[in-house]
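To start, the structure itself, in structure tokens.
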Amino acid sequence: MYAPRIPRHVTLRHLLRLARRPIPVFTELLNRYGDNFIQEVGGSRTTHFTRDAEVARHVLQRNHRNYEKSEIQTGQMGKYLGYGLLTNSGDDWLRQRRLIQPGFHRQRLAALTGEMQGVIETECARVAGSGPVDLFSFTRQVAFRIIVRALFTDGFGEADTRRLHYILDKLQAYIIYPIRLPFLRGPLRWLGQEARHLRLAAESRQLIRDHIHQRNHGSRGPAPKDDLLQMLLDSRYEDTGEGMDEQRLIDEILILFAAGYETSANALAWTIWLLLRHPHELAQLQQSPDPDYLTQVIEESMRLYPPAWITDRVALDTDEAGGFTLDAGVTIGVFIYGIHHSPRYYDAPEEFRPARMHPNRKRERHPFSFIPFGGGPRQCIGNHFAMLEMQLLLGHLLRHYDITSAGPLPDLEPKPFVTLHQDRPVTVRITPRSAKT
Ligand code: HEM
């Protein structure tokens, strides 16, 4: 059985709104046509769109070999960010994943806790008492500096850190246009935007290359043992016993940067905004910052506002998933946001209820009803890293600072870029606890 097909005139009618506000449009269509529907995107590409956890599980996990990432991820993102884990595919992806995975194991990451904590203390102290702070700029700054430190514990230099951050922000903001509005690809090229962003991407690669050379030539002193760069430099392929070549290494590092800070920064900004909206939960955490409850708060925040709000795959052969036929060549849009907001899996899905993320209650639900980090073999490699940094930052803020909204707290709508942004700025004050008493 095929999922209902949306009439072409309906798709055409929604095209502009879809580009501007995809989440409400997809939600409307899903409410009308069911948890699965088929749509011709851009007149040619056929997409099976789903907020069905069983279809997601089948595609991402059960029969993952039949599904590859689409050209959006491997082509459009890869063009600017290189071909690291996130943008790679097939056997080459598997070989890289096997090589890199050990560096992200929980025990291995424990060695980076002190480095992360150091960044968090410095960044919180820097903004504390300095007047109103833009929330997303603050969380972006912390998350970016954490990933820089995790990769280069011997330092990346202030000027290079700022430049790389600037470039990656520019690239993330730009990439969405050729993806969301493919007809703009030509004009963006003619207007020189493509070349400008490719130059920025090349500059970021050069910055990373310089630091790898410094590490290899010992010009920053003895190599640190536990950082991510050293792990990547020391890792060897099982079959050849050799390490990655420099080009590869740069690709993988650039992807870790790109995949690893905006997502976490996003989740942190939503979590802080949710806590400001729910003073009872905030007070509870400030009185006793129980890490288990904090995990539930973070997870409930990522349920409501999953930073990676959608992902996709292309079917290699015709297949059946959750009772639906997926033809060879069809793109499957896994609407993570839609799954997380579905009344099929959650009572009062729009409400912030951290207790529903208690492990016992999670076990009662479909395992793919909560997939902020994706699922199956291509699940986020940085999931433990992200949870650790979010726990550490929120734990530190809640223990040592008061965080309040500077002015009335705005109502927010999610605004989907590559990650799920807030649609307007939130300004907060971060004040050391002792300064109040
Ligand atoms: C809250 C924070 C984060 C969220 C919500 C998130 C989400 C995701 C999702 C959903 C995927 C799978 C995409 C797909 O299947 O198409 C993914 C993949 C990936 N993430 Fe994350 N991520 C986060 C943080 C991080 C961090 C901190 C790093 C690195 C330090 C990272 C590195 C990656 C990489 C390299 C991949 C590709 C993995 C592969 O295909 O083998 N992510 N992430």
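The model shown is predicted, which means the values in this text are computed figures rather than measured ones. Just follow the structure's listing: the first ligand is 1, and inside any ligand the first atom is 1.
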What is the nearest protein non-hydrogen atom to atom 12 (C) of ligand 1, stated with its residue, atom name and distance?
-> Arg378 O, 3.6 Å
Just go through Met387, Met390, Arg97 and tell me whose heavy atom is the nearest to atom 41 (O) of ligand 1.
-> Arg97
Is the ring centre of Phe136 less than 6.0 Å from the ring centre of His421?
-> yes
Which is closest to atom 2 (C) of ligand 1 by heavy-atom distance: Leu94, Ile336, Thr263?
-> Thr263
Have a look at ligand 1 and work out which part of Ile371, if any, has a heavy atom under 4.0 Å from it: side chain, backbone, both or neither.
-> neither
Any idea which atoms of ligand 1 are less than 4.0 Å away from a heavy-atom of Phe385?
-> 27 (C)
protein heavy-atom neighbour closest to atom 14 (C) of ligand 1 works out as Thr311 OG1, 3.3 Å
Counting each atom of ligand 1 from 1 as listed, which ones have a heavy atom of Gly374 under 4.0 Å away?
-> 10 (C)
Distance to 0.1 Å, residue and atom name: give those for the protein heavy atom nearest to atom 15 (O) of ligand 1.
-> Arg313 NH2, 2.8 Å
Please state whether Trp93 comes within less than 4.0 angstrom of ligand 1, counting heavy atoms only.
-> yes
Heavy-atom nearest neighbour in the protein, as seen from atom 35 (C) of ligand 1, with distance rounded to 0.1 Å = Ile381 CG2, 3.6 Å
Which residue and heavy atom of the protein sit nearest atom 28 (C) of ligand 1, plus the separation | Gly260 CA, 3.5 Å
Is it the side chain, the backbone, both or neither of Pro307 that has a heavy atom closer than 4.0 Å to ligand 1?
-> side chain
Check: Phe324 ring centre within less than 6.0 Å of Tyr2 ring centre | no
What is the nearest protein non-hydrogen atom to atom 6 (C) of ligand 1, stated with its residue, atom name and distance?
-> Phe373 CD2, 3.7 Å
Tell me which protein heavy atom sits closest to atom 8 (C) of ligand 1, plus the residue, atom name and distance to 0.1 Å.
-> Cys380 CB, 3.6 Å
Is the centre of the Tyr337 ring less than 6.0 Å from the centre of the Phe26 ring?
-> no
Do Phe144 and Phe257 have their ring centres less than 6.0 Å from each other?
-> yes
Output the list of atoms in ligand 1 that are nearer than 4.0 Å to some heavy atom of Pro372, sorted by atom number.
-> 5 (C), 7 (C), 10 (C)
Between Asp411 and Arg424, is the closest basic N to carboxylate O distance under 4.0 Å?
-> no
Ligand 1 contacted by Gln96 (non-hydrogen, < 4.0 Å) | no
Do the ring planes of Trp273 and Trp270 sit parallel (below 30°), tilted (30 to 60°) or perpendicular (above 60°)?
-> perpendicular
Ring center gap for His340 and Phe370 short of 6.0 angstrom | yes
According to the interplanar angle, ranging from 0 to 90°, do the rings of Phe156 and His211 count as parallel (below 30°), tilted (30 to 60°) or perpendicular (above 60°)?
-> parallel
Between Arg65 and Asp317, is there a side-chain N and carboxylate O pair less than 4.0 Å apart?
-> no
Contact summary for Trp309 and Val418, nearest pair of heavy atoms | NE1-O, 3.8 Å
Short list, please: which atoms of ligand 1 are under 4.0 Å from a heavy atom of Phe104?
-> 30 (C)
Can you sort out which atoms of ligand 1 are near Ile147, meaning under 4.0 Å from one of its heavy atoms?
-> 30 (C)
Report, in ascending order of atom number, the atoms of ligand 1 lying under 4.0 Å from any heavy atom of Leu86.
-> 18 (C), 19 (C), 36 (C), 37 (C)
How about Tyr261 and His165: are their ring centroids closer than 6.0 Å?
-> yes
Do His366 and Arg344 have side chains that get closer than 4.5 Å, going by heavy atoms?
-> no
Would you mind finding which of Ala143, Ala265, Ala259 brings a heavy atom closest to atom 25 (C) of ligand 1?
-> Ala259
